[in-house]
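Heads up, the thing below is written out as structure tokens.
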Amino acid sequence: MKKFKLLFYAASVTLFLASCSGKDGAPGVTGPSGAAGTNGTNGTNGTNISTKIDTINTSSWTSFATYYIVNISEPALTNVNTDGVLAYISSNSGQWLGLPCTHVLNNGDNMVPVFQNGTIRLAYEFSSAPSVTLLFKVVVIPPAMMKQHPNLNFKDYNAVRNAFHLQD
């Protein structure tokens, strides 16, 4: 079980870090901008930014020993190697907590998103599944747009919403 836990965290961190930089930590090469999409919320310069909120009921979680997993469909996530993907969780619709994080609902718990094309797997590590209904927000931002805001705290949803002119 410890090997699974270590591999799970290593894979999550690797995916997160791989989306942040290019070879040897240098900024990656930015390709030409594509046309604005038809789904999602238009951000600055007419580029397409997808936002989506899912409700996760207490019965949605599948148990794996001390892990609880829920899979969330995210059609806007088409390339985990290039898409800028941000995940947030809330137990009410007012305050969004950026993921991954610890002490989400209980002291010592962990919540980690794992991004796959078309799907986000949300893992909650604790002795029991969440006992409250949660709201899960995912924001998919073109990488060129993210690079325009190098000092933005992407774990702060309000900062992201303001920087990209998102509408809730």
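Remember, predicted model here, so these are calculated numbers, not experimental data.
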Please examine the side chains of [Y] and [X], heavy atoms only from C-beta on, and report whether any two atoms are closer than 4.5 Å.
{"X": "Lys137", "Y": "Lys52", "result": "no"}
{"X": "Val85", "Y": "Val139", "result": "no"}
{"X": "Val160", "Y": "Phe154", "result": "yes"}
{"X": "Val138", "Y": "Ile120", "result": "yes"}

Where do Met146 and Leu86 land on the side-chain contact (heavy atoms from CB on, under 4.5 Å) test, with the steps shown first?
CA-CA 11 Å; Met146 292 183 81; Leu86 308 173; 4.0 Å; yes
Any sub-3.5 Å donor-acceptor pair from [X]'s side-chain atoms to [Y]'s backbone N or O?
{"X": "Tyr68", "Y": "Ser60", "value": "no"}
{"X": "Asn71", "Y": "Thr119", "value": "no"}
{"X": "Asp109", "Y": "Phe126", "value": "no"}
{"X": "Lys155", "Y": "Pro100", "value": "yes"}
{"X": "Asp83", "Y": "Pro142", "value": "no"}

Side chain to side chain contact (heavy atoms under 4.5 Å, CB included), paired with Trp96, selected from Ile89, Asn158, Ile53
Ile53
Spatial distance of atom [atom1] ([X]) from atom [atom2] ([Y]) [nearest 0.5 Å]:
{"X": "Ile49", "Y": "Arg161", "atom1": "CD1", "atom2": "CZ", "result": "13.5 Å"}
{"X": "Thr51", "Y": "Gln167", "atom1": "OG1", "atom2": "CD", "result": "9.0 Å"}
{"X": "Lys147", "Y": "Ile141", "atom1": "NZ", "atom2": "CD1", "result": "14.0 Å"}
{"X": "Phe64", "Y": "Ile69", "atom1": "CZ", "atom2": "CD1", "result": "6.0 Å"}

Asn110 and Tyr124: side chain donor to acceptor below 3.5 Å:
no
Heavy atoms only: give me the nearest [X]-[Y] pair and the separation to one decimal.
{"X": "Ser50", "Y": "Ala76", "value": "OG-CB, 3.2 Å"}
{"X": "Val80", "Y": "Gln116", "value": "CG1-C, 3.5 Å"}
{"X": "Asp54", "Y": "Ser73", "value": "OD2-O, 4.3 Å"}
{"X": "Trp61", "Y": "Leu122", "value": "CZ3-O, 3.7 Å"}
{"X": "Thr78", "Y": "Pro75", "value": "CG2-O, 3.6 Å"}
{"X": "Pro130", "Y": "Thr58", "value": "O-CG2, 3.5 Å"}

Asp156: partners by salt bridge (Lys or Arg N to Asp or Glu O under 4.0 Å), with sequence neighbours left out
none
Between Phe115 and Leu77, does a side-chain contact (heavy atoms from CB on, under 4.5 Å) hold up when you go through it step by step?
CA-CA 8 Å; Phe115 306 116; Leu77 182 54; 4.0 Å; yes
Which is it for Val112 and Leu99 under the side-chain contact (heavy atoms from CB on, under 4.5 Å) test, yes or no, and what are the steps along the way?
CA-CA 6 Å; Val112 178; Leu99 296 177; over 6 Å; no
Working note: His149 + Phe164, criterion ring-ring contact (aromatic ring centres under 6.0 Å, His included); need CA distance, chi angles, decisive distance, verdict.
CA-CA 9 Å; His149 302 276; Phe164 295 104; 4.7 Å; yes
Worked verdict on Ile56 versus Thr133 for side-chain contact (heavy atoms from CB on, under 4.5 Å)
CA-CA 6 Å; Ile56 304 172; Thr133 297; over 6 Å; no
